[in-house]
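Predicted model only: the values in this text are computed from it and were never measured.
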Amino acid sequence: MDRYLVFGHPVRHSKSPFIHTLFARQTQQELEYGLAEPAVDEFAQALRTFFDQGGKGCNVTVPFKEQAFTLVDRLSPRAKRAGAVNTIKLTDDGVLLGDNTDGAGLVADLKSHGVTLADSRILLLGAGGAARGALAPLLAELPSELVIANRTHTKAQQLAAEFCDLGPVTAQTYDQLAGPFDLVINSTSASLQGALPPLAPALIHTDIAIYDMMYGASDTEFIRWAKQHGARQTMDGLGMLVEQAAEAFTVWRGIRPGTKQVLRELKRNLGVI
């Protein structure tokens, strides 16, 4: 039976085995999917061992995405742009192909919620790996402007300069931000600590769409804050998790699984519904 894994540290909380098991059942694919949590300095060896022992593909999550970028034999265009790899496939000719499905998953989830990206003004909070993976797919949707805001302004500037060939992307400090924005995406890890990005409440209005890449059994701190200030449409990253997994499954198996039922099952599993 074909074997797949998710590598991370920590990773025992991962819902990837649950998601991919449902995808396999839905598409009648014979595979098994497990977890691997090597020490941070043992990831390269663990990855090699997995494929040497017959592994067909894997997902890669924190903190290994940038390291995976350097370990594969070939990179997809979107992985090159992201500077990180979250999906690896062993091709038929024995090549390790590195891909990045995070941004595609984000865009797919936004569209599933009816969010219009074309001609919209988007604010992206954060300038780390999550923001980097999202930029090219977001800009491919032709927004009127994409503004990056980050606590360390120089990082936002560097990221904007790197992606400015793909569309109208600029960097601003939090103090410089002026609305209205149609969509705000929080790619920072602040919600994991129950913290908030330093965003002015005045930027929130009733017609804005709020997206937090983090997720949980209840609203993240950022989503709670946005609702308190009048946002009517708020979304967390659970749908992105399922959509990027579907994209990875497609890379591996050549068949696209449906996501709606899997997302419903995942919500039940988490106690969200």
Side-chain angles (χ1 to χ4, degrees), residues 60-72 74-87 97-111 115-192 195-200 202-203 208-214 222 237 240 244 247:
V60 183
T61 188
V62 176
F64 299 131
K65 291 183 184 183
E66 288 76 18
Q67 193 176 349
F69 182 88
T70 69
L71 295 173
V72 296
R74 195 166 73 227
L75 292 164
S76 71
R78 57 189 179 184
K80 285 181 185 177
R81 267 294 185 178
V85 161
N86 81 327
T87 300
L97 172 66
D99 201 351
N100 191 302
T101 66
D102 285 332
L106 170 65
V107 168
D109 192 36
L110 286 166
K111 288 183 175 181
V115 176
T116 299
L117 298 173
D119 296 320
S120 64
R121 191 161 184 254
I122 301 172
L123 173 58
L124 179 61
L125 307 180
R132 175 179 290 276
L135 273 167
L138 285 171
L139 290 168
E141 296 298 319
L142 305 178
S144 62
E145 183 182 15
L146 194 154
V147 177
I148 305 170
N150 189 59
R151 288 181 185 271
T152 305
H153 184 51
T154 53
K155 285 189 68 176
Q157 290 176 310
Q158 290 165 2
L159 204 54
E162 188 174 334
F163 284 84
C164 66
D165 62 310
L166 298 183
V169 55
T170 60
Q172 296 180 16
T173 66
Y174 279 98
D175 290 339
Q176 290 173 329
L177 294 174
F181 289 100
D182 301 298
L183 169 65
V184 178
I185 301 170
N186 181 23
S187 78
T188 75
S189 59
S191 290
L192 292 177
L196 290 169
L199 194 65
L203 291 174
I208 202 168
I210 298 293
Y211 195 99
D212 194 340
M213 289 189 186
M214 301 298 110
F222 184 64
M240 176 182 172
Q244 65 82 23
E247 187 79 8

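For the pairing with Asp99, the salt bridge (Lys or Arg N to Asp or Glu O under 4.0 Å) check across Lys65, Arg74, Arg78 returns one residue only, Arg78. For the pairing with Val184, the side chain to side chain contact (heavy atoms under 4.5 Å, CB included) check across Leu123, Leu203, Leu124, Val147 returns one residue only, Leu123.
Contact check for Leu117 versus Pro143: no side-chain heavy atoms found under the 4.5 Å cut-off. You'll find the side chain of Met214 stays beyond 4.5 Å of the side chain of Phe222, heavy atoms only. Taking 4.5 Å as the limit, some side-chain heavy atom of Val115 sits within range of a side-chain heavy atom of Leu183. By the 4.5 Å heavy-atom criterion applied to side chains, Leu110 and Ile185 are counted as neighbours.
Applying the side-chain contact (heavy atoms from CB on, under 4.5 Å) test to Ala79 and every residue at least two apart in sequence or in another chain returns Leu75, Ser76, Val85, Asn100.
Taken from CG in Leu125 to CE in Met213, the straight-line distance is 9.5 Å, to the nearest 0.5 Å. The structure places CD of Gln157 at 14.0 Å from CD of Glu162, a figure rounded to the nearest 0.5 Å. Separation of atoms OG1 (Thr61) and CG (Asp102) is listed at 8.0 Å; rounding is to 0.5 Å. The CD atom of Glu66 sits 11.5 Å away from the CG atom of Leu71 when rounded to the nearest 0.5 Å.
Side chain of Asp182 to backbone of Ser120: no donor-acceptor contact under 3.5 angstrom is found. With hydrogens and angles ignored, the 3.5 Å screen pairs a side-chain donor or acceptor of Gln176 with a backbone N or O of Thr173.
Here the closest non-hydrogen pair linking Pro197 and Arg151 is CA-NH2, 4.2 Å. Nearest heavy atoms, Ala178 versus Arg121: O-NH1, 2.7 Å. Considering all non-hydrogen atoms of both residues, Phe69 and Ala84 come closest at CD1-N, 3.4 Å. Here the closest heavy-atom approach between residue Asn150 and residue Ala156 is recorded as CB-CB, 3.9 Å. Between Phe181 and Ile208, the shortest heavy-atom contact is O-CG1, 3.3 Å. The shortest heavy-atom contact between Asp109 and Met240 is OD2-N, 3.3 Å.
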Requested in this report: Report the C-alpha distance between Asp119 and Leu142 in whole Å, list the side-chain angles of each, state the deciding distance to 0.1 Å, and finish with yes or no for side-chain contact (heavy atoms from CB on, under 4.5 Å).
Outcome: CA-CA 6 Å; Asp119 296 320; Leu142 305 178; 5.8 Å; no

Query raised in the report: Given Lys155 and Leu159, is the side-chain contact (heavy atoms from CB on, under 4.5 Å) satisfied, shown in steps?
Result: CA-CA 6 Å; Lys155 285 189 68 176; Leu159 204 54; over 6 Å; no

Requested in this report: Walk me through it: do Arg81 and Phe163 pass the test side-chain contact (heavy atoms from CB on, under 4.5 Å)?
Outcome: CA-CA 8 Å; Arg81 267 294 185 178; Phe163 284 84; 3.9 Å; yes

